[in-house]
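These notes concern the structure reproduced below.
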Amino acid sequence: MTVTTEREGLVEVHGVHKSYGTLEVLSGVDLVVKPGEVTVVIGPSGSGKSTLLRVINHLEKVDRGFVAIDGDLIGYARKGDTLRELKEKDILRQRTRIGFVFQSFNLFPHLTALENVVEAPISAQGRPRSEVEPEARALLERVGLADKADARPRQLSGGQQQRVAIARALATRPKVLLFDEPTSALDPELVGEVLDVIKDLARSGTTMIVVTHEIGFARELADTVVFIDAGRIVEQGPPAQVLDHPAHERTKAFLDKVL
Amino acid sequence: MSASTLVRPAAEPLPGTERDELERLRVLPARHPGRWIATAVVAVLLAMVVSSLVTNVHWGWDIVEQYLTWPSILSGVWGTIRLTLAAAVIGFGLGTVLALMRLSRSPLLQSVAWLYIWVFRSVPLILQLLLWYNLAYLYPTLSIGVPFGPGFHEFETGNLVGKFGAAILGLGLSQAAYSAEIVRAGIIGVDQGQHEAAAALGIPRGRQQLRIVLPQAMRTIVPTSVNEIIGLLKGTSVVYVLAYGELFYTVGVIYGRNLRVVPLLLVAAIWYLILTTVLTIAQFYLERHYARGALRTLPPTPLQKARWGALVGWARLRRAPIPASVPAGWASANRTSGHLLRRGSTPSRRDQGGLA
């Protein structure tokens, strides 16, 4: 039963279907991300890449299929021959193992940077403040914002806000990190500082799934690049293969447009 | 008038002599004659009002002064404050619960909250007050016990729900219906991304509401709520129908005896003004508190404004630099003319003299 892996953070997505009304945004997605690997998801807008990411931490329910992390079903439990959605309390507990970074940061504006980072470890994981706070300060230092611990989000630039959001996502010590277009809401000159932080994390051995339009970032860091279009994975493989020698016409057409 | 005298070639700079002359001219603000006329008109109207207040003996200012701090008036004021406080606590406590019920995912809780709000917003307050006061007629005794089973303890309704009880029940329960909608509007107004971020972090649901959503909702809840509480403060005067000793009832009792109706109504008006002023000040500080995070810098309090104004004024008088304790932005926004005097950038008398 138990899959013995050296490291934690194995993500499996199998046969996931998801519709909004009559529009099917995911039509049978299969994806396996090995522990510690960096997977970059690219694709045209509306192709379902953000939805896929949101399905992985159960911000969206699925119509069919399942997501598992380290062999545990996310958001559902098997009851006979059905998958029953878990109670919210259990889903919330599962989410502390998955860090999520939003395109629009979604920092809590009324809390300081430090309060943003310590909130989840204290209230969701019940860890003592005395242990969490030094760790949170260390995380802020890691993203280069040790001196901004007492600033509120509105007093920070977009790049700084996103770096605080990354520190906040790391605070629950997740096994998997999900990035939903982390640099799309930033001014061009601020993109670099956020990508630098993500690159630093990529080398630390956490499993990462990054939805992005930064092809250069994909080429440099991805173990696997996944091209998704119209709710299906069109092709996947190492960056050198998918980005430089795409096998499918649709991938070629997309890359011609963005490069 | 030939065209050549009107059109100056675009690229030609002003001649040096003209430039020097223009540079030396004094810079003056625009004139606003309309503003002066309007000010004069308003001043005359204001003077007329003040003079009539002073000269018309029917206002009875001596009586007003005499009764303003009369012991029974003061106890009436206290009655009004007590009612307002109790009804506000019940109203906003229950209102928040109702708002959360309406936003919950349980259809039962949603409908119960909807029904409550529907009933209590529909029935006039004065009617609700009289109903609560007559509760003893419907249910002479109330008991605590098992539903439909035996009771453990019995109360006389009349003792439990007296005038004060009926008043705060009526005011508080109907206030809850209005507050619920205010709180709900505030919660809906919080960005969806905030709920998502809290959920993605795994923060427990109750904590999401209390720590993340409500503090942000307060920014829109506070102004309307203070409005409601001011309404409630004045609404307590309706309780005179229960002959409860609040301000309006007390005043009525006194002028019923001495027939000085207008001066005593003035006494009540002055007290309502004072109480509303206190609430308005509280509103300023509450709004300022909940603006943390929504604004980069908080607006200055009146005390800060007064202190900074005095410091700047004193510094100007002595032609000294403005102390560093005055925020730069504030000092520059409020300067009337001339240089911004701050420590470091040494301004001089010569500069100003030279321009004059």
Side-chain angles (χ1 to χ4, degrees), chain A residues 50 53-54 56-60 75 87-113 115-126 150-157 161 164-165 168-174 177-178 180 185, chain B residues 100-101 103-110 183 186-223 225 285-300 327-330:
Chain A
S50 285
L53 215 58
R54 293 162 63 83
I56 292 174
N57 79 339
H58 201 68
L59 278 177
E60 304 282 352
K87 288 205 200 82
E88 189 173 357
K89 211 173 135 193
D90 301 319
I91 296 170
L92 288 170
R93 194 175 320 122
Q94 288 186 332
R95 289 209 186 106
T96 60
R97 292 161 56 195
I98 311 165
F100 199 101
V101 176
F102 295 87
Q103 179 179 353
S104 50
F105 329 140
N106 293 345
L107 288 178
F108 306 130
H110 59 301
L111 304 181
T112 64
E115 287 168 340
N116 265 281
V117 179
V118 301
E119 177 61 33
I122 292 173
S123 73
Q125 296 179 310
D150 297 320
R152 287 180 213 283
R154 292 274 148 82
Q155 297 162 328
L156 302 173
S157 74
Q161 287 189 49
V164 174
R168 181 176 73 172
L170 290 169
T172 53
R173 298 174 182 161
L177 277 173
L178 308 175
D180 187 7
Chain B
L100 293 175
M101 281 168 72
L103 291 168
S104 85
R105 271 166 251 172
S106 148
L108 178 72
L109 292 183
Q110 280 176 26
V183 173
I187 291 175
I188 292 175
V190 174
D191 180 28
Q192 182 60 28
Q194 295 291 309
H195 296 267
E196 274 191 354
L201 284 166
I203 298 169
R205 193 150 163 81
R207 175 88 177 170
Q208 285 182 25
Q209 294 292 355
L210 284 178
R211 173 78 167 157
I212 307 298
V213 178
L214 273 177
Q216 295 185 60
M218 285 305 273
R219 206 167 134 66
T220 41
I221 292 176
V222 166
S225 294
Y285 284 96
L286 269 175
E287 277 185 27
R288 196 168 177 276
H289 176 78
Y290 286 110
R292 287 174 322 166
L295 303 174
R296 283 216 178 108
T297 47
L298 294 175
W330 192 83

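Residue numbers begin at 1 in each chain, while the letters A, B, ... track the order of the sequences. Values below: all heavy atoms of this structure, side chains included; hydrogens, waters and symmetry mates excluded.
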Contacting moiety of A/S104, where chain B heavy atoms sit under 4.5 Å: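 Neither part.
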field: Toward chain B, the part of A/L111 with a non-hydrogen atom under 4.5 Å
entry: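 Interface part for A/L111: side chain.
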Atom of B/P204, atom of A/A124 and distance for their closest heavy-atom approach: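 It is CD-CA, 3.9 Å.
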Heavy-atom distance under 4.5 Å to chain A: side chain of [X], backbone, both or neither?
{"X": "B/A291", "answer": "neither"}
{"X": "B/R211", "answer": "both"}
{"X": "B/R207", "answer": "side chain"}
{"X": "B/Q192", "answer": "neither"}

message: Can you list everything that forms a side chain to side chain donor-acceptor pair (under 3.5 Å) with A/Q161? Sequence neighbours excluded, please.
response: none
task: Go through the steps to decide whether A/H110 and B/R219 satisfy the test side chain to side chain contact (heavy atoms under 4.5 Å, CB included), and finish with yes or no.
output: CA-CA 10 Å; A/H110 59 301; B/R219 206 167 134 66; over 6 Å; no
Top contributor to chain B interface from A/K89, A/R168, A/Q125 [non-hydrogen pairs under 4.5 Å]: A/R168
message: Below 4.5 Å, heavy-atom pairs only: which of A/I91, A/T112, A/L59, A/L107 has the largest tally toward chain B?
response: A/L107
Once rounded to the nearest 0.5 Å, what's the spacing between atom [atom1] of [X] and atom [atom2] of [Y]?
{"X": "A/F108", "Y": "B/L201", "atom1": "CZ", "atom2": "CG", "value": "5.5 Å"}
{"X": "B/I212", "Y": "A/S123", "atom1": "CD1", "atom2": "OG", "value": "7.5 Å"}
{"X": "A/E88", "Y": "B/R105", "atom1": "CD", "atom2": "CZ", "value": "4.5 Å"}

query: Could you name the residues of residues 92-101 of chain A that have a heavy atom within less than 4.5 Å of a heavy atom in chain B?
result: A/L92, A/R95, A/T96, A/I98, A/F100
